[in-house]
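Each chain gets a letter, A, B and so on, in the order the sequences are listed, and its residues count up from 1.
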Amino acid sequence: MSADALLTIEGLKKHFPVRGRLFNRSNDSVKAVDGVSLSVRKGETLGLVGESGCGKSTLGRCLLRLEEPTGGRIVFDGQDLLTLDKPAMRRLRRDMQIIFQDPYSSLNPRKAVGAIIGDAFRVHGLHKGAGRRRKVEELLSLVGLRPEHYDRFPHEFSGGQRQRIGIARALALDPKFIVADEAVSALDVSIQAQILNLLVSLQRRLGLTYIFISHNLGVVRHVSDRVGVMYLGRIVELAPTAALFARPAHPYTEALLSAVPRPSVGTASKRIILAGDPPSPLRPPSGCAFHPRCPHRQDICMRETPPLKDLAPDRAAACHFPLTLAAATPAATH
Amino acid sequence: MVPARVRPSRQVWMRFRRKKTALFGLAGAALFVAVAVFAPLLAPYGTMDMGPSFQPPGAEHILGTDSLGSDVLSNMILGTRTSLIVGLCAVLTSNAIGLTVGAIAGYFGGRTDNILMRVTEMFQILPQFFLAIIVVALFGSSIWNIVFVIGILTWPVTARLLRAEFLSLRKREFVDAARALGMSDFDLIVREILPNALPPIIVNASLQISGAILLEASLSFLGLGDPEAMSWGIMLHNAQEYFNRAWWMAAFPGLALFTTTLALNLTGDGLNDALNPRLRT
């Protein structure tokens, strides 16, 4: 893994056990995240896309140990997160934060804004006394709210304003790394743009590293430096944003991109319609999990799971027959 | 929608006072507390002031006198205090246990939850009077033993209510957000989840008070009450034999019990309506 990585994940797994009936213990589990390895570089935004249920949010929550991973390693800033005890993990939480999808359920309705944000300082014993209020007011200004909002309650704000409060809370401890989990999906389109621009400008000013989780390709394209595409708990393609959108290597990525409506007249781009629903993560298909829906499948796809392998510098896909990349990269050696 | 700049607590009051029965109940409950607090000042006679027995209600003894010749009204006023003490202390005991168990079970879930809920069920199946009789027989009939019995009998309801609230609230994103800030389990339970879980607990507590008062009266009526403390139940107990001769001995304490319970239940009902359209927007 590269030396400038802030966060490195190796073989991360999160399986949710499925409870059997009484006397009929079931050993089944939903493999929400099933062996994800990737690294996030300092200062970059890594986008994570995929359909609902592909495990992208679970992955994000595992990174912060809001969900306890079943296996694998998470190395953040040189420390193996999964070996930390509770107090050490609590200290480390200052460096990694999360912005949630739903601005309505992510703020405690019984606490005023000042307490919601100020709790970050209280927990870590920072900025005691009057300095705390000043610090919270600074944060409110930073995210485009007014210091007078300090004493108000969440129900007095609009969705976009609430999301700003959530962002201020995430920024309070001066983190290095933020997981934005569908951070704009619940907002109106016009508000989405404001929040996205706020996130981008904060990244520049504060040198933040983001993992940006979304099902919205347009949004991911706008903010990400690199994009990881997830399907059924695994990364199927990982590439720089421009390259991925120009030439997808995995058939699933290709199908996703073809589904994005493009405002062009005349040139009706050919749309790849995927047959069927995403398979159940309870019983994923044999071999490549995508094979039942893949237009290019061969026999080997049903037998062997393709590993995520490098196709070119900085490009990787998990496919036995990746779509040929530009400039005659000898992609498939089959 | 809710006007801006109104604190949540004030919104609850605004909704509460819209309902006449709730206000009536609250007034009744306030009167009950006031009488209990100022009982010795309000009672026209002391418990030891004996006059002629079985005086019907009249000018001298507004609600008559009992078999020993003491004033029914005075006894009722002094009995209010016992009712209030038993009601409040029993509910405090019950909630101290119930909230602790419910919060731990609901927050940690899994095996902890399973064990605690089985223990809770064991307490729920205890036959009320049987337990009461045993405790009184073993430890004597002081009002503190009665408070203890009522607390032991009623905490499972509180525990289950709070557990249910915790189970749904602990999955909310604001809890995860606080955890991501580094908050400890204790802080998450007490500062984040509990305040949001309280509305049904408050409603339940107001109903529990009237339940506790009734239970104390029932125990006293059966002769298991504290003979040192004047209470409505004991008055009813004493009235049993003389019901044909002196109806007032039973009627007025019974009426007091009825109106107090009604007032407390109406208050609880009003609180339920005022707290339940949750401040979730």
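Across A:R61, A:M89, A:R91, the residue that shares the most heavy-atom pairs under 4.5 angstrom with chain B is A:R61. Of the listed residues A:Q101, A:R122, A:R65, the one with more heavy-atom pairs under 4.5 angstrom with chain B than any other is A:R122.
Residues of residues 186-195 of chain B placed with any heavy atom under 4.5 Å of a heavy atom in chain A are listed by number as B:D187, B:R191, B:E192, B:P195.
In terms of modelled atom types and a separation under 3.5 Å, the side chain of B:E173 and the main chain of A:L107 share no donor-acceptor contact.
Closest approach of A:H155 to B:Q11, counting heavy atoms only: NE2-NE2, 3.3 Å. Across every non-hydrogen atom of B:G182 and A:R90, the tightest pair is O-CD, 2.6 Å. What you find for B:A177 and A:S106 is that their closest heavy atoms are CB-O, 4.3 Å. Closest non-hydrogen pair, B:D176 versus A:L66, comes out as O-CD2, 3.7 Å.
More than 12 heavy atoms of other residues, nucleotides or ligands sit less than 6.0 Å from atom NZ of B:K19. With a 6.0 Å radius and a threshold of 12 heavy atoms from other residues, nucleotides or ligands, B:F16 has its CZ atom above the threshold. Shown here is B:F108, whose CZ atom has more than 12 heavy atoms of other residues, nucleotides or ligands within 6.0 Å. The number of heavy atoms from other shown groups lying within 6.0 Å of CZ (B:R118) is above 12.
The shortest distance between side-chain heavy atoms of A:R169 and B:L181 falls below 4.5 Å. The shortest distance between side-chain heavy atoms of B:F174 and A:P109 falls below 4.5 Å.
In this structure, chain B has no heavy atom under 4.5 Å from any part of A:R94.
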